Every structure is written in structure tokens, then in C-alpha cells.
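These notes concern the structure reproduced below.
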There are 2 protein chains.
Amino acid sequence: MSNYRNIDVDQLARGFKALSHPNRLKIFLQLVSCCVPGTNCAADEVQECCIGDLGAALDIAPSTLSHHIKELHQAGLLQMARRGQRMDCRVDTDTLATLREFFEATS
Amino acid sequence: MSNYRNIDVDQLARGFKALSHPNRLKIFLQLVSCCVPGTNCAADEVQECCIGDLGAALDIAPSTLSHHIKELHQAGLLQMARRGQRMDCRVDTDTLATLREFFEATS
DNA sequence: TCGATAGTTCGACATATATCGAATATATAG
DNA sequence: CTATATATTCGATATATGTCGAACTATCGA
């Protein structure tokens with residue numbers, strides 16, 4: 001019945017909002033499909049997680065891309081760290097788990 | 001790697017967008033906690049699924065509530081049917097499953 | 001030091017969204 | 001038929017969002 005007593009509705013809504021725009025969702029899909037932490041990504045092969053790579057397929061301006069990445073970051077969906085000239089991005093698995101648990105609780 | 005080939009990104013984004021507003025998320029939470037189809041809801045007890053009930057805790061105008069319900073409906077998250085003066089709402093389990101599967105695929 | 005690469009910040013602008021109240025529709029009870 | 005309960009539609013309005021280009025910051029290489 002109510003597994004929902006302890007949900008932080010606003011936090012959850014922020015997560016959904018971050019994924020609610022097709023371009024941002026594509027960015028996130030790109031990220032989870034190449035470098036979920038813990039995934040066997042064959043190390044030297046496909047670790048293309050920098051911001052430019054995430055937006056390569058999107059045909060939007062760099063400033064717009066930067067804006068979307070920031071939204072995802074502020075929603076807690078991805079973490080960032082500088083690597084030389086680039087910014088490495090990776091999925092924040094805790095937030096992802098929170099969202100997943102919401103749907104598991106509805107079943 | 002990519003379990004994401006066949007995802008309809010726009011459809012998925014519409015689902016997330018519908019859940020991205022705190023009031024709409026609360027409405028949906030109310031709905032899933034009282035009448036997910038298949039749930040043992042003790043029939044005559046708590047079947048309070050009409051629109052007025054869904055918004056009872058929200059302190060928004062009826063027109064605003066109607067608007068949010070419509071958004072959830074158009075995103076495929078809930079189905080509606082008239083019952084006398086009232087509109088019965090119930091969760092659309094197919095759409096819900098689509099969203100859940102997205103998160104399951106990211107693990 | 002200078003130029004190139006990668007990303008960010010800012011201001012402007014168009015569009016979308018949330019909200020309300022008033023008017024309207026639909027159904028039931030007297 | 002009328003009054004009431006429930007919900008929707010419409011128009012107005014304030015705020016939020018997505019996008020761009022220009023200017024800026026940070027890092028690396030020659």
C-alpha cells in the first residue's frame with residue numbers, strides 16, 4: 001500500500017525533470033551506455049565520457065550542451081571531474097538507484 | 001552495452017516530464033498507493049480514485065488539478081473513465097512498466 | 001608566450017508551463 | 001425542471017525553460 005512514506009517528492013521530481021527533455025535524456029542514455037561505473041567497458045576502448053562526446057550526436061550549440069549537462073549534474077544524475085582540458089562525466093548510481101526504487105515500489 | 005536501441009526517447013521523455021512536477025508526482029503517488037490495478041485494495045474500502053480525491057491534499061484550484069490530470073493522461077500514465085458525476089482514474093500499467101524497464105536496463 | 005582545444009558564463013529571445021477565476025458541461029437528486 | 005456536485009475549458013498572466021552567439025576561462029602543446 002504505502003511504500004511512499006519516506007519519499008522526498010521534490011528530489012524525485014528533480015530527477016524526472018532532468019530526464020524530461022529529449023536531448024538531456026539522450027545525453028544520459030549515451031552516458032549510461034558507455035560508462036556506468038562497474039560496467040565492463042574494456043578500459044582503453046570506449047571510455048568516451050567527456051562532455052563533447054556526450055553531445056556529439058545532438059546538433060546543439062556547446063553552450064546549450066553545457067547547460068543540459070549542468071542540469072543533469074544539479075539533479076544528481078551525473079558527476080563530473082576535470083581531466084586535462086576535458087570534463088569526465090559518470091553516472092551517479094545513488095540517484096539512479098533512487099529513481100529505480102520508485103518504480104520498483106509501484107509494482 | 002546498448003539495451004537502448006529500441007527506446008522511443010520522446011515517449012520516455014514525455015513520461016518523465018509528466019512526473020517532473022511535484023504536484024503531479026504527488027497525484028500519481030496518491031493514485032498508485034490507492035488503486036494500482038491488481039492490488040489487493042479490499043474493494044469497498046479505499047477505492048478513492050476520482051479526481052477530487054486525488055487532489056484533496058494539494059491546495060490547488062480545480063482547474064489546475066484538471067490540467068495536471070490531463071497531462072498525466074496524455075503521457076499515458078493514467079487512464080480515465082466516467083462513473084456518474086465522477087471520473088475514475090487508474091494507473092496505466094503498461095506505461096509504468098516502460099519507465100521501470102528503463103531503469104532496470106541501467107543496472 | 002601563443003595558439004588550439006574544451007568547456008562555461010552571460011544576455012537575449014522565443015516558447016512552454018503553472019496557476020487562477022469565470023464560464024461551461026455533465027450527471028444526479030429532489 | 002431546478003439545484004447541487006463534479007469536472008473541464010478558456011483567457012490571462014507570471015514564471016521557467018531551451019536555445020543561441022559572443023565573450024570568457026582553463027589546459028595543453030609547440
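Model, not experiment: these values are computed from the prediction. Residue numbers start from 1 in every chain, and the chains themselves are labelled A, B, ... in the order their sequence lines are given, proteins ahead of strands.
Looking at the side chain of B/Asn23, the nearest of the listed nucleotides C/dA27, D/dT8, C/dT19 is C/dT19. Considering only the side chain of A/Arg86, C/dG7 comes nearest among C/dG7, D/dT8, D/dG18. Here the nucleotide nearest the side chain of A/Ile51, chosen from C/dT19, C/dT8, D/dT19, is C/dT8. Set against D/dA5, D/dT17, C/dG7, the side chain of B/Gln85 has D/dA5 as its closest nucleotide. Residue B/Lys70 places its side chain closer to D/dT9 than to any other of C/dA18, D/dT9, D/dA7.
Dashed line: the shortest gap from a side-chain N or O of A/Thr64 to OP1 or OP2 of D/dC20 is under 4.0 Å. Within the 4.0 Å cut-off from OP1 or OP2 of D/dA7, not a single side-chain nitrogen or oxygen of B/Arg82 is found.
Map B/Gly52 and A/Gly84 each onto its nearest nucleotide of DNA chain D; the residue landing nearer the 5' end is B/Gly52.
The interatomic distance linking A/Lys17 (NZ) with D/dG18 (P) rounds to 8 Å, in whole Å. Distance CD1 (A/Ile27) to C1' (D/dG18): 12 Å, rounded to an integer number of Å. Rounded to an integer number of Å, the gap from B/His21 NE2 to C/dT17 C1' is 8 Å. To the nearest angstrom, P of C/dA25 lies 17 Å from CE of B/Met87. Rounding to whole angstrom units, CD1 of residue B/Ile69 and C1' of D/dT9 are separated by 16 Å. What separates NE2 of A/His68 from P of C/dG7 is a distance of 16 Å, to the nearest Å. In this entry the distance linking NE2 of A/His73 with P of C/dT9 reads 11 Å, nearest Å.
The residue A/Ile60 sits close only to the backbone: its heavy atoms come under 4.0 Å of sugar-phosphate atoms, none of a base. In this structure, A/His67 reaches the bases: a heavy-atom distance under 4.0 Å links it to at least one base atom across the strands shown.
B/Thr95 contributes a side-chain N or O that, together with a main-chain N or O of B/Gly76, makes up a donor-acceptor pair within less than 3.5 Å. In this structure a side-chain-to-backbone donor-acceptor pair under 3.5 Å is missing from A/Arg24 to B/Ala13.
In summary, of the residues considered (B/Phe102, B/Phe103, B/Phe28), a ring pair (Phe, Tyr, Trp, His ring centres under 6.0 Å) with A/Phe103 occurs for B/Phe103 alone.
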